[in-house]
Amino acid sequence: MKKTYKQAGLLALSVLLAGCVTGPSPQDVTEATQKVLKSSFRDQGIAKTAWLQQDASNQACSQAQGAPLDEKLAQSIEQANLQTVKMPSDGKFIGDWREGEKIAQNGRGMTWSDPPGSANGGSCYNCHQISKEELSFGSIGPSLYHYGKLRGVADPADAASKPIVDYTWRKLWNAKAYNACSGMPRFGHAGILNETQLRHVMALLLDPSSPVNK
Ligand code: HEC
């Protein structure tokens, strides 16, 4: 009896070990995941299955599965994403921080029940601390409290502030321009926020009168 148990145990162990050797490859897992995604979603309202299609940057980061990318590949992804950035058409970067706060608070949008053409939120607080008054925030991204102040922005229109103003606009437009596998939504590039909304969010971060910089 005892021996049979031992043999069964050994058999289970060898099956397990064989499983480790012949188990699914990362490629198999990726393909299976794609299949599940494709069969679980359908076009409905404004929500489209085309949104599941990854661009080359997303593909490279998915394939790396969290491991750092080869430096040259990362640089070429950042360069390609930087080239997608559209600077504001009228040269104005700063809107109204009050509107920016509303956008940062708002996590709505891009679901099948949203009417076509409705404005999306930015969900910024889901990942960032921003103003001190809002106590409910995520910590996936760094704190943006005192964003402009810490970077010495006395007036965003000053020539001295230009580099940080330009950087912030580009980062918001396409976060992958500076971090190939950034987990931050590409707000301008993906059409989540429009130019006017981006100006308001910029004001929230950079306007000295915004509560973020108090
Ligand atoms: C899903 C999470 C997520 C959301 C939503 C998100 N971010 Fe981020 N953000 C990050 C992460 C992670 C980083 C740091 C890594 C990186 O740079 O990509 C970051 C970095 C940044 C930076 C650069 C900070 C620096 O010191 O250079 C800025 C500015 C920023 N986010 C602003 C925003 C704003 C404004 C919004 C809303 C419109 C927003 N983020 C929404 C995750 C997010």
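A quick note: this is a predicted structure, and the numbers were derived from the prediction, not measured. Whatever order the structure lists ligands and atoms in, that order sets their numbers, starting from 1.
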How far does CG of L193 sit from CG of L198, to the nearest 0.5 angstrom? 5.0 Å
Heavy-atom nearest neighbour of [atom] within options [options]:
atom	options	value
atom 36 (C) of ligand 1	S123, G107, C124	C124
atom 30 (C) of ligand 1	M184, K176, Q197	M184
atom 43 (C) of ligand 1	G141, A104, C127	C127

How about Q53: does its CD atom have over 12 heavy atoms from other parts shown lying under 6.0 Å from it? no
State the atoms of ligand 1, each with its element, that fall below the 4.0 Å cut-off from a heavy-atom position in Y147. 29 (C)
Could you tell me which N, O or S atom of H128 is nearest to atom 8 (Fe) of ligand 1? NE2
For ligand 1, find out whether one of its N or O atoms is nearer than 3.5 Å to an N or O atom of S182. yes
Is the closest heavy atom of N126 to ligand 1 under 4.0 Å? no
Please answer whether the main-chain N or O of I192 pairs with a side-chain N or O of N120 as donor and acceptor at a distance below 3.5 Å. yes
side-chain contact (heavy atoms from CB on, under 4.5 Å), that's the test. Do F93 and D166 meet it? Break it down for me. CA-CA 8 Å; F93 289 87; D166 283 358; 3.5 Å; yes
If you compare all heavy atoms of L73 against all heavy atoms of A60, which two are closest, and at what distance to 0.1 Å? CD2-CB, 4.2 Å
